[in-house]
Amino acid sequence: MATKDPQATQLARLAGLVADETRAACLLALLDGRAWTAGELARHAGVAASTLSEHLGKLVGGGLLTEERQGRHRYVRLADERVAQLVEDLAAQVSPGALRRPRNLRESSAGSAMARGRTCYDHLAGRLGIAVTDALTSRGLLRQDTGFALTEAGLGWFDAAGISLDRSGRRPLARGCLDWTERRPHLAGVSGAALCRHALEAGWCVRIGSERAVKVTPAGVRALGKLLGIEAGALG
């Protein structure tokens with residue numbers, strides 16, 4: 001009798017964790033990079049708290065989520081950037097035609113906002129993320145021809161913009177992440193995370209709604225125009 005491949009067993013377990021609509025909804029919601037309470041996720045997924053608790057237990061046990069408790073509240077977040085990449089890559093495989101049409105104006109507006117600009121775990125995505133990635137590339141600050149890599153000029157640009165890059169870890173400085181709405185890669189990795197964090201802290205972008213959508217502020221339009229030559233029309 002043939003011996004089972006241990007890797008195949010683990011892959012099947014991983015796929016099983018994601019292959020549930022409620023768990024998938026939780027993973028997609030947590031792509032905003034923040035910690036959510038179990039109650040918030042239950043309301044988001046439209047299930048009872050007891051049902052959600054069972055699903056969270058499986059996701060934590062499977063290593064996709066981490067949890068922490070503060071008082072009587074239980075918070076969960078994606079385990080790390082690797083899990084976020086997995087979820088975003090899987091979402092990018094869904095055909096646009098397979099997505100359910102918005103049921104009302106509110107859903108349509110929320111979907112449009114997510115497509116214009118959003119966070120993908122800890123970096124910018126949507127048309128905003130693509131606009132920034134294209135501008136970095138066209139100015140010779142980012143290379144995409146042999147995989148994503150910052151050039152020497154790109155490293156200098158981040159320093160000049162006052163955006164520090166942590167090079168002490170194993171996470172790549174630049175990585176392409178396939179955008180599930182634009183079907184093109186946007187900038188992720190250390191530099192993508194640092195740029196997104198700076199954009200939010202400097203007030204270039206603000207979060208809107210209850211999901212991952214962000215919008216560029218007037219200050220952001222000026223800053224991105226000055227630093228990267230991005231026209232206002234490309235930012236929203």
Side-chain angles (χ1 to χ4, degrees), residues 13-92 94 99-100 102-126 128-129 169 171 177 180-181 188 192-194 196-215 217:
R13 288 177 179 170
L14 175 62
L17 285 173
V18 182
D20 177 272
E21 190 171 348
T22 297
R23 292 196 290 273
C26 292
L27 291 169
L28 287 169
L30 290 167
L31 275 177
D32 68 358
R34 295 177 289 185
W36 288 47
T37 68
E40 289 169 338
L41 282 173
R43 289 189 293 273
H44 176 80
V47 298
S50 57
T51 300
L52 195 281
S53 180
E54 180 180 347
H55 285 298
L56 291 184
K58 292 180 179 179
L59 291 171
V60 171
L64 297 183
L65 301 184
T66 59
E67 67 175 337
E68 58 186 72
R69 293 184 180 274
Q70 291 186 8
R72 61 188 181 87
H73 293 294
R74 176 192 187 190
Y75 290 87
V76 294
R77 65 171 72 243
L78 294 181
D80 52 32
E81 193 260 349
R82 177 184 55 85
V83 175
Q85 179 183 347
L86 171 66
V87 176
E88 185 77 4
D89 286 349
L90 286 173
V94 180
L99 299 176
R100 176 178 58 80
R103 292 174 296 185
N104 49 49
L105 180 60
R106 179 181 178 185
E107 284 192 359
S108 178
S109 297
S112 296
M114 288 277 282
R116 283 194 300 272
R118 63 183 182 277
T119 54
C120 170
Y121 187 53
D122 60 1
H123 53 270
L124 297 172
L128 170 60
R171 188 178 183 185
C177 179
W180 65 267
T181 53
C196 178
R197 182 171 58 252
H198 185 82
L200 290 169
E201 291 177 352
W204 297 356
C205 298
V206 292
R207 295 185 183 275
I208 56 175
S210 58
E211 297 192 33
R212 295 184 281 141
V214 298
K215 71 175 181 179
T217 65

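Side chains included, hydrogens not; waters and symmetry mates left out as well; all remaining heavy atoms used. Predicted, not measured: the structure shown is a model, and the values here were computed from it.
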Rounded to the nearest 0.5 Å, what's the gap from [atom1] on [X] to [atom2] on [Y]? Could you check?
| X | Y | atom1 | atom2 | value |
| --- | --- | --- | --- | --- |
| Leu41 | Leu52 | CG | CG | 5.5 Å |
| Met114 | Arg212 | CE | CZ | 4.0 Å |
| Thr181 | Arg118 | OG1 | CZ | 3.5 Å |
| His198 | Trp204 | NE2 | CH2 | 4.0 Å |
| Leu124 | Leu200 | CG | CG | 7.0 Å |
| Arg197 | Cys205 | CZ | SG | 14.0 Å |

Open item on the list: According to ring-ring contact (aromatic ring centres under 6.0 Å, His included), who are the partners of His55, at least two apart in sequence or on a separate chain?
Closed with: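 If we apply the ring-ring contact (aromatic ring centres under 6.0 Å, His included) test to His55, skipping adjacent residues, there are no hits.
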Heavy-atom distance under 4.5 Å between the side chains of [X] and [Y], does that happen here?
| X | Y | result |
| --- | --- | --- |
| Arg116 | Leu128 | no |
| Leu30 | Val83 | no |
| Leu31 | Glu88 | yes |

Shortest non-hydrogen separation from [X] to [Y] and the atoms involved:
| X | Y | value |
| --- | --- | --- |
| Arg74 | Gly57 | NH2-N, 4.1 Å |
| Asp20 | Thr22 | OD1-N, 2.9 Å |
| Glu81 | Tyr121 | CA-CE2, 3.4 Å |
| His123 | Ala193 | CB-N, 4.1 Å |
| Thr119 | Val214 | CG2-CG1, 4.0 Å |
| Ala79 | Gly63 | CB-O, 3.3 Å |

- [ ] Give a yes or no on this: more than 12 heavy atoms of other residues, nucleotides or ligands lie within 6.0 Å of atom CD of Glu21.
- [x]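 No, not enclosed.
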- [ ] Could you check Leu59 against Val76 for side-chain contact (heavy atoms from CB on, under 4.5 Å), going step by step and ending with a plain yes or no?
- [x] CA-CA 10 Å; Leu59 291 171; Val76 294; over 6 Å; no
TODO: Would you check, one step at a time, whether the test side-chain contact (heavy atoms from CB on, under 4.5 Å) holds for Leu64 with Arg23?
DONE: CA-CA 10 Å; Leu64 297 183; Arg23 292 196 290 273; over 6 Å; no
Open item on the list: If you apply the rule side-chain contact (heavy atoms from CB on, under 4.5 Å), what do you find for Leu65 with Leu27, and how did you get there?
Closed with: CA-CA 9 Å; Leu65 301 184; Leu27 291 169; 4.0 Å; yes
